Structures are given as structure tokens and as C-alpha cells.
S.K.: 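The structure under discussion is supplied below as C-alpha cells; questions concerning it will follow.
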Amino acid sequence: MTLADIENHVLARDPTIAQARAENRHGGTRLVVVGAGARLIPPPSARKAIVRALEAVASFGVRTRLTVVGPRLLPIGVALTVEPDPGVDFVGIEEAAAAAILALCDHETGGFQGRGWPVGRLPTIDDIAAALAPLSDRAVISDIAIGRSDPHQAMPDPFPGDVLIRIERADIMVRAYGEAAA
């Protein structure tokens, strides 16, 4: 059973799981599962049920060294500068930009394939710019910055494979071009 087989097995059989990411770790297999809906970290009973289900179909090596964990959550923030085209309302662009970023980072429906922003991956400036590309016919977007929502804490480097980013509307700062220069 491959790592992809493990992920696919869990996703196909458990509707309460939005994402599954299997990786080799310390001589065994670690499976990070992200819950669907508001419960991002599946309870211990759900993780135990996943182990039992995998033990029934997995090879000996996977069964003896399988660990199922929930994700660690990392709140992030995004800041950007917008210069709306003449006659375009800044507030409309601001709300559309925030909605695009929130949609991209959603753990169930985000990402570029609509399968959820992947656990273990931090969005890049290019990712954010791509999500904002539909706004380019109404505004110039620049100075995109991504960091932790608490600016006093550094971003982990390298980014851990069991971390799921979280972003709230309050953590998206959209500045008007003139304000950014002042």
C-alpha cells in the first residue's frame, strides 16, 4: 500500500475527513487528517477508527508503524496594496480581494483544484497573485506580503508537513495605493 493509497482509502471512506496526507516519518507512516466543516482536528475516536480501517487493508509494515494525527493550525495574514482603476470603487475591490484570498485558503474547497488548501503548504506570493488575477481588469495589485497573523512570530522554515494554515477576514489587510505610499 503506497502513501497515495492510504490517503485515497481514507478520503473515499470517511466523509468527515476533508484532507489526508501520508508521509514516511521516523521509520513509519504518519497520516495527517483534516476534518471537514468547522472541526478541523478530528477527535481521538475518529483517528482511532481510521487506524482500525487501515489496519484491515494495509500491509504489515504500515499496520505496525502507522500514526494518525490532526493538523497543527497556523494563523496567517496577508497584506496587499490596491490601486483601483478610475471610477472603480475601492471598497468593492477590497472585498473581492479578501473573498478571493479566503476562497483560495479554504481547507475544503480552496486551492487551485478546488480540493482544499493542502496541509503542509504555505501559500506563496504567486499563489495569492493568481487568486487575485481576475481583479486585474479593475485594479493594479502590488506589494503582497504573507506572514503569521501575529507579526512578532516568525514563519516556520522549513514549513512542517502537518501544519494547516488558517486565515480569517480580519487577517487580510488591503491598503489603497495612496495610503501605502504615505
Side-chain angles (χ1 to χ4, degrees), residues 1-78 98-131 145-172:
M1 183 172 241
T2 68
L3 296 176
D5 290 338
I6 292 169
E7 294 168 354
N8 292 334
H9 182 81
V10 170
L11 293 173
R13 286 164 181 76
D14 192 338
T16 67
I17 301 299
Q19 289 187 49
R21 180 178 183 204
E23 59 187 0
N24 293 319
R25 184 174 166 104
H26 303 297
T29 302
R30 178 173 71 168
L31 178 64
V32 181
V33 290
V34 179
R39 189 172 218 168
L40 299 174
I41 302 172
S45 59
R47 296 192 308 262
K48 195 173 185 179
I50 290 168
V51 169
R52 282 194 305 271
L54 286 170
E55 284 176 343
V57 297
S59 63
F60 178 74
V62 171
R63 285 195 311 251
T64 59
R65 295 182 304 255
L66 175 65
T67 305
V68 178
V69 298
R72 292 185 292 156
L73 305 178
L74 178 71
I76 66 165
V78 174
I101 293 167
L102 290 170
L104 175 70
C105 296
D106 184 85
H107 76 284
E108 288 187 83
T109 60
F112 294 109
Q113 288 79 38
R115 292 187 216 135
W117 187 261
V119 65
R121 186 159 177 266
L122 180 68
T124 66
I125 291 171
D126 290 341
D127 293 329
I128 301 295
I146 303 164
R148 291 182 82 149
S149 59
D150 179 351
H152 302 292
Q153 294 184 344
M155 194 64 74
D157 186 26
F159 199 75
D162 65 338
V163 171
L164 180 68
I165 58 118
R166 300 299 304 144
I167 188 165
E168 303 294 332
R169 174 59 183 98
D171 296 319
I172 301 172

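Being a predicted model, the structure only gives us computed values, none of them experimental.
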S.K.: Once rounded to the nearest 0.5 Å, what's the spacing between atom CG of Asp106 and atom CD1 of Ile101?
M.R.: 14.0 Å

S.K.: With side chain to side chain contact (heavy atoms under 4.5 Å, CB included) as the test, would you mind laying out the steps for Gln19 and Arg115 before giving the verdict?
M.R.: CA-CA 8 Å; Gln19 289 187 49; Arg115 292 187 216 135; over 6 Å; no

S.K.: Search all heavy atoms of Ile125 against all heavy atoms of Ile146 and return the closest pair with its distance.
M.R.: N-CD1, 3.6 Å

S.K.: With the side chain counted from C-beta on, respond yes when Leu11 and Ile17 share a heavy-atom pair under 4.5 Å apart, and no when they do not.
M.R.: yes

S.K.: Write down the atom of Pro71, the atom of Val33, and the distance for their closest heavy-atom approach.
M.R.: CD-O, 3.1 Å

S.K.: Taking C-beta and beyond as the side chain, do Pro123 and Ile165 meet within less than 4.5 Å on heavy atoms?
M.R.: yes

S.K.: Answer yes or no: is there a side-chain heavy-atom contact under 4.5 Å between Pro42 and Thr16?
M.R.: no

S.K.: Distance check, rounded to the nearest 0.5 Å: Thr109 atom OG1 versus Leu104 atom CG?
M.R.: 10.0 Å

S.K.: Might you work through the side chain to side chain contact (heavy atoms under 4.5 Å, CB included) test for Arg169 and Leu102, ending with a clear yes or no?
M.R.: CA-CA 7 Å; Arg169 174 59 183 98; Leu102 290 170; 4.1 Å; yes

S.K.: Would the distance check show the side chain of His107 and the main-chain N or O of Gly35 forming a donor-acceptor pair, the cut-off being under 3.5 Å?
M.R.: yes

S.K.: Does Asp127 form a side chain to side chain contact (heavy atoms under 4.5 Å, CB included) with Trp117? I'd like the steps, not just the answer.
M.R.: CA-CA 11 Å; Asp127 293 329; Trp117 187 261; 3.4 Å; yes

S.K.: Do Ile41 and Leu73 have side chains that get closer than 4.5 Å, going by heavy atoms?
M.R.: yes

S.K.: When you compare the side chain of Asn24 with that of Thr29, does any pair of heavy atoms fall below 4.5 Å?
M.R.: yes

S.K.: Does a side-chain heavy-atom distance below 4.5 Å link Arg166 with Leu40?
M.R.: yes

S.K.: Just how far is it from atom CZ of Arg72 to atom CG of Asp162, taken to the nearest 0.5 Å?
M.R.: 4.0 Å

S.K.: Can you name the closest pair of heavy atoms from Leu74 and Pro156 and give their distance?
M.R.: CD2-CD, 4.1 Å

S.K.: Check whether any side-chain heavy atom of Leu31 lies under 4.5 Å from a side-chain heavy atom of Leu54, and answer yes or no.
M.R.: yes

S.K.: Within the distance-only criterion (no hydrogens, no angle test), does the side chain of Asp14 pair as donor or acceptor with the backbone N or O of Val10 below 3.5 angstrom?
M.R.: no

S.K.: Looking at Arg47 and Ile50, would you say the former's side chain and the latter's main chain have a donor-acceptor pair under 3.5 Å?
M.R.: no

S.K.: Grab the two heavy atoms, one from Glu23 and one from Gly161, that are nearest each other, plus how far apart they are.
M.R.: OE1-CA, 4.3 Å

S.K.: Closer than 3.5 angstrom, by distance alone: can the side chain of Arg65 be matched with the main-chain N or O of Gly27 as a donor-acceptor pair?
M.R.: yes

S.K.: Set out, in order, the CA-CA distance, both residues' side-chain angles and the distance that settles side chain to side chain contact (heavy atoms under 4.5 Å, CB included) for Ile76 and Asp171, then state yes or no.
M.R.: CA-CA 7 Å; Ile76 66 165; Asp171 296 319; over 6 Å; no

S.K.: Strictly distance-based, threshold 3.5 Å: is any side-chain N or O of Glu7 a donor or acceptor partner for the main-chain N or O of Ala22?
M.R.: yes

